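No experiment lies behind these values; they were computed from the predicted model shown.
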Amino acid sequence: MDLFTAPVVRQEVSLDELMAGSVAAIKRIFDDRRNMLIAFSSGKDSSCLMILTFMAAIQAKQEGRNPTIAVCHSNTGIENPLIAELAKCEMRKIEAYAARNGLDVQVHVAQPELLDSWGPRICGGRALPSYPGLNADCSVAWKCEPSRKLRLAIFDELGDENEVVVCTGTRRSESVKRGARMLKRGDSSVSPIRNKEGELVLSPIAEWDTDSVFELLGLCGAGIIESYTDAQEILTAYRDAGPTSCAVVNDSIMEGETRGKNCGARFGCALCTVVQNDSSMDNLLNNDPAYAFMRGLGQLRNYLMAIQNDMGRRLWVGRTIRSGHIAIRPDVFAPEEMRRIFRYAVTLDVEEAEASCALGIEPRFRLIPADAAVCIDLLWSRDGHYDGFAAIADYLDIWEGGLRFPVPAEVEVLSSERPEPRFLEVGENWADACGDHWAGIRDPFAAAMLEDCLPVKTYGKTNTVTAWADLASEDGFVIDPESLAMFFLFEAPGMVERYRERQTDTRGLGYRWYLQYGLARLSPRQILNHDKTLRRTAFKRLKGISGPGVDVSALLEEATPWDQVPEAVQVAFLSDSRLLHLQEQKENERLKAMQTSLF
């Protein structure tokens, strides 16, 4: 016991006092004629915040003010279906309650960009799942960044003379780490503070404990306090799943940062791999047969965890040239593994569609929508994993052909070996490496045959690229909805059959077709980057290291060990700590060999 440090004594505060303080803090924002943005997850804390906000807004309206409230929800696209449905239900209640009380409340939903969504990211080979101990950059792509963009759009719309104030449901007692971060940031339940992005942020329930939050929800459920919700579905969700809600967005708002953090995955994504075990999903599946429809999601998540350290399921060809070399070491999933995961996910989608149809309800989840399937197919073709509309072939075979690919219960580890890094010399850029003028984004055959129909344009200022004139989109990478519908209605079956035998050609056939058809469009910057990527794919094809079935042993044999490449290459690819570790390991091996030779 520390006799020289005064203990911190928390004074008991009644629920009435907590409510009065929080409502007063929110109402002061309205009194200052500021509009408000509420970060709403549909969890217990944000629901409590929403109840208090409505109380303050009704008081302000009775005094002659008419504040505008923007309610912002973040949907990753792979939310736990229970929470996704809960959020939809609660947001409908918010809109209805606001209409009944004549309040100006706008509900917005932030979603990740298509390229950043789960399917293209994992099945398309853009990144690995965010595993425990690694950067949780999925939280940036799926939650923080979409929420930030939505907030900026709302600020532009509502922030006329006075700034919009962002309100979050963060609480100090949520956890020791949360409390420490809030103390460091200076979070306040009384008056807004500025985060690192310069946004004004208020935490009205910062001083509330968990019991007080549930007490307020319980009073609403009992009808003692009238509000937008009776909180029954919210309380049921917590009863069935046990843990608490995802707090990634709240933390990113308060800190004004978009860097990845491990979210803890309490109530979060159904396929979250940031934590070793998803206790909320396990509780739902084990405690109530009504949630059995999510069992496949749990199995897919467990499969992703099981292959985390399996190097036999990884792509070994580096994607970035530094000092004239690429790294030969484990990277994203190998083409075969991407395709396996894609097939598992689409199978789960079809099985859920069939089950929900039998129940007369809407599907409760969809991992790979049609636009994501096209995006994945485009990425496979661009990156030289598969070609010939391979992903669309699988998609149609599963949705329309009756094929099924269940997630395996047992997972065989193909290889856990992690050889020392090696490097392959390729030249200073991919254009030099592939040595093919027509290896980029522009199709020479189409250019020759359709010159009058497909006018070309030069993109870029220094390293220019000549491509089709109508490729650029101000919104970045987009799949045109009308072209998507026409593709699946008229083109997809024929293209699949035409190219079914050419799925390992890896010549970018599918990629260029999508662009020429007008199905996909890119930002001007993406046009330049994709041109480089297609040249990288051409190099890989010429070297025989594209597509499935790459002989990793032969590739390692051809590559140069890390200690035999120039120092500039070592510095370019290896961190100081990694390089030091390799050097020490090499020295220990040398000393051991000397001792062995002596005896």
**OP:** Apply ring-ring contact (aromatic ring centres under 6.0 Å, His included) to the pair F342 and F405, showing each step before the final yes or no.
**Re:** CA-CA 10 Å; F342 176 76; F405 297 90; 9.7 Å; no
Original post:
How about Y131 and Q276: does a side-chain donor come under 3.5 Å of a side-chain acceptor?
Top reply: no
Subject >> Main-chain N/O of I368 paired to R366 side chain as donor or acceptor, under 3.5 Å >> reply: yes
**OP:** Evaluate the side-chain proximity of V165 to V201: yes if any heavy-atom separation is below 4.5 Å, no if none is.
**Re:** no
**OP:** Give me the one residue out of V71, L158, I94, I154 that meets side chain to side chain contact (heavy atoms under 4.5 Å, CB included) with Q106.
**Re:** L158
Original post:
Is it the case that R313 and Q308 place a side-chain donor and acceptor less than 3.5 Å from each other?
Top reply: no
Original post:
Roughly how far apart are M305 CE and D278 CG, rounded to 0.5 Å?
Top reply: 10.0 Å
Original post:
Hey, is the main chain of G494 close enough, under 3.5 Å, to the side chain of E497 for a donor-acceptor pair?
Top reply: no
**OP:** Answer whether the closest heavy-atom distance between the side chains of F333 and R340 falls below 4.5 Å.
**Re:** no
Subject >> For V23 against A56, the heavy-atom pair lying closest together >> reply: O-CB, 3.7 Å
**OP:** Could you walk me through whether S212 and D209 pass side-chain hydrogen bond (donor to acceptor under 3.5 Å, both in side chains), step by step?
**Re:** CA-CA 5 Å; S212 298; D209 58 20; 2.6 Å; yes
Original post:
Mind checking whether Y395 and W399 have parallel, tilted or perpendicular rings, split at 30° and 60°?
Top reply: tilted
Original post:
Taking the side chain from Q526 and the backbone from S523, do they hold a donor-acceptor pair closer than 3.5 Å?
Top reply: yes
Original post:
For the side chain of N277 and the backbone of S279, is there at least one donor-acceptor N/O pair under 3.5 Å apart?
Top reply: no
Original post:
Quick one: does C220's side chain get under 4.5 Å of D230's, heavy atoms only?
Top reply: no
Original post:
Is the backbone N or O of G401 less than 3.5 Å from a side-chain atom of D397, with the two atoms forming a donor-acceptor pair by type?
Top reply: no
**OP:** Let me see the working for S203 and S189 under side-chain hydrogen bond (donor to acceptor under 3.5 Å, both in side chains), right down to the final yes or no.
**Re:** CA-CA 5 Å; S203 305; S189 62; over 6 Å; no
Subject >> Distance-only donor-acceptor check, side chains D104 and T68, under 3.5 Å >> reply: yes
**OP:** May I ask you to check whether over 12 heavy atoms, not counting those of M311, lie within 6.0 Å of atom CE?
**Re:** yes
Subject >> Exercise: identify the closest heavy-atom pair between M338 and C123 >> reply: CB-O, 3.2 Å
Subject >> Nearest non-hydrogen partners of P112 and T76, listed with the distance >> reply: CG-O, 3.5 Å
Original post:
If you look at every heavy atom in S47 and I234, which pair is closest and at what distance?
Top reply: OG-CD1, 3.3 Å
Original post:
Taking 4.0 angstrom as the limit, do K44 and E174 come out as a salt bridge?
Top reply: yes
Original post:
Out of curiosity, T504 OG1 to H385 NE2, how far, rounded to the nearest 0.5 Å?
Top reply: 14.5 Å
Subject >> Whether S356 side chain and A353 backbone form a donor-acceptor pair below 3.5 Å >> reply: yes
**OP:** Scan E85, H73, E233 and name whichever one has a side chain to side chain contact (heavy atoms under 4.5 Å, CB included) with E90.
**Re:** E233
**OP:** Can you establish whether the number of heavy atoms outside R404 located under 6.0 Å from its atom CZ is more than 12?
**Re:** yes
Subject >> Interatomic spacing from CG in L103 to CD in E95 - rounded to 0.5 Å >> reply: 13.0 Å
Subject >> Side chain proximity check, R301 to M281, heavy atoms < 4.5 angstrom >> reply: no
Subject >> Between OG on residue S74 and CZ on residue F40, distance to nearest 0.5 Å >> reply: 13.0 Å
**OP:** Show your reasoning for whether salt bridge (charged side-chain N to carboxylate O under 4.0 Å, His left out) applies to R319 and D331.
**Re:** CA-CA 9 Å; R319 295 180 283 180; D331 193 6; 3.0 Å; yes
**OP:** Classify the angle between the aromatic ring planes of Y303 and Y344 as parallel (below 30°), tilted (30 to 60°) or perpendicular (above 60°).
**Re:** perpendicular
**OP:** Show your reasoning for whether ring-ring contact (aromatic ring centres under 6.0 Å, His included) applies to F214 and W208.
**Re:** CA-CA 10 Å; F214 277 119; W208 289 48; over 10 Å; no
**OP:** Run through L271, D116, V274 and flag the one making a side chain to side chain contact (heavy atoms under 4.5 Å, CB included) with C138.
**Re:** V274
**OP:** Measure the shortest side-chain to side-chain distance between L115 and C375 over non-hydrogen atoms and say whether it is less than 4.5 angstrom.
**Re:** yes
Subject >> D137 side chain to S130 side chain, donor-acceptor N/O pair below 3.5 angstrom >> reply: yes
Subject >> Smallest separation among heavy atoms of G388 and Q503, with atom names >> reply: O-CG, 4.0 Å
Subject >> Any side-chain donor near an acceptor of the partner, T210 and R171, under 3.5 Å >> reply: yes
**OP:** To the nearest 0.5 Å, tell me how far D187 CG sits from E207 CD.
**Re:** 9.5 Å
**OP:** Classify the ring geometry between W380 and Y386 as parallel (under 30°), tilted (30 to 60°) or perpendicular (over 60°).
**Re:** tilted
Original post:
Closest approach of V478 and S473, non-hydrogen atoms and distance?
Top reply: CG2-OG, 3.7 Å
Original post:
Quick check: does any side chain N or O of D310 sit under 3.5 Å from a backbone N or O of L414, one acting as donor and the other as acceptor?
Top reply: yes
Would you list the atom pairs, donor with acceptor, under 3.5 Å between side chains in residues 291-300 and any protein atom, with sequence neighbours excluded?
residue : atom : partner : partner atom : Å
Y291    : OH   : D240    : OD2          : 2.5
R295    : NH2  : L285    : O            : 3.4

**OP:** Report yes if some heavy atom in the side chain of I307 is under 4.5 Å from a heavy atom in the side chain of V411; otherwise report no.
**Re:** yes
Original post:
Would you say D349's side chain and L367's backbone share a donor-acceptor pair under 3.5 angstrom?
Top reply: yes
**OP:** Could you please spell out the steps behind the salt bridge (charged side-chain N to carboxylate O under 4.0 Å, His left out) verdict for E79 and K143?
**Re:** CA-CA 11 Å; E79 298 290 332; K143 279 186 174 288; 3.6 Å; yes
Original post:
What do the steps show when you test L217 against L235 for side-chain contact (heavy atoms from CB on, under 4.5 Å), and what is the final call?
Top reply: CA-CA 8 Å; L217 295 177; L235 296 172; 4.1 Å; yes
Original post:
Which pairs pass salt bridge (charged side-chain N to carboxylate O under 4.0 Å, His left out) with one or both residues in residues 368-391, sequence neighbours excluded?
Top reply: D383-R536
**OP:** Test C48 against every option in L18, I205, T53 by the side chain to side chain contact (heavy atoms under 4.5 Å, CB included) rule and name the one that passes.
**Re:** I205
Subject >> N-O pairing of R314 and E336 below 4.0 Å >> reply: no
**OP:** Could you tell me the separation between the CD atom of E352 and the CZ atom of F365, rounded to the nearest 0.5 Å?
**Re:** 4.5 Å
Original post:
Quick one: does P204's side chain get under 4.5 Å of L49's, heavy atoms only?
Top reply: yes
Subject >> Partners passing salt bridge (charged side-chain N to carboxylate O under 4.0 Å, His left out) against R343 (at least two apart in sequence or in another chain) >> reply: D394
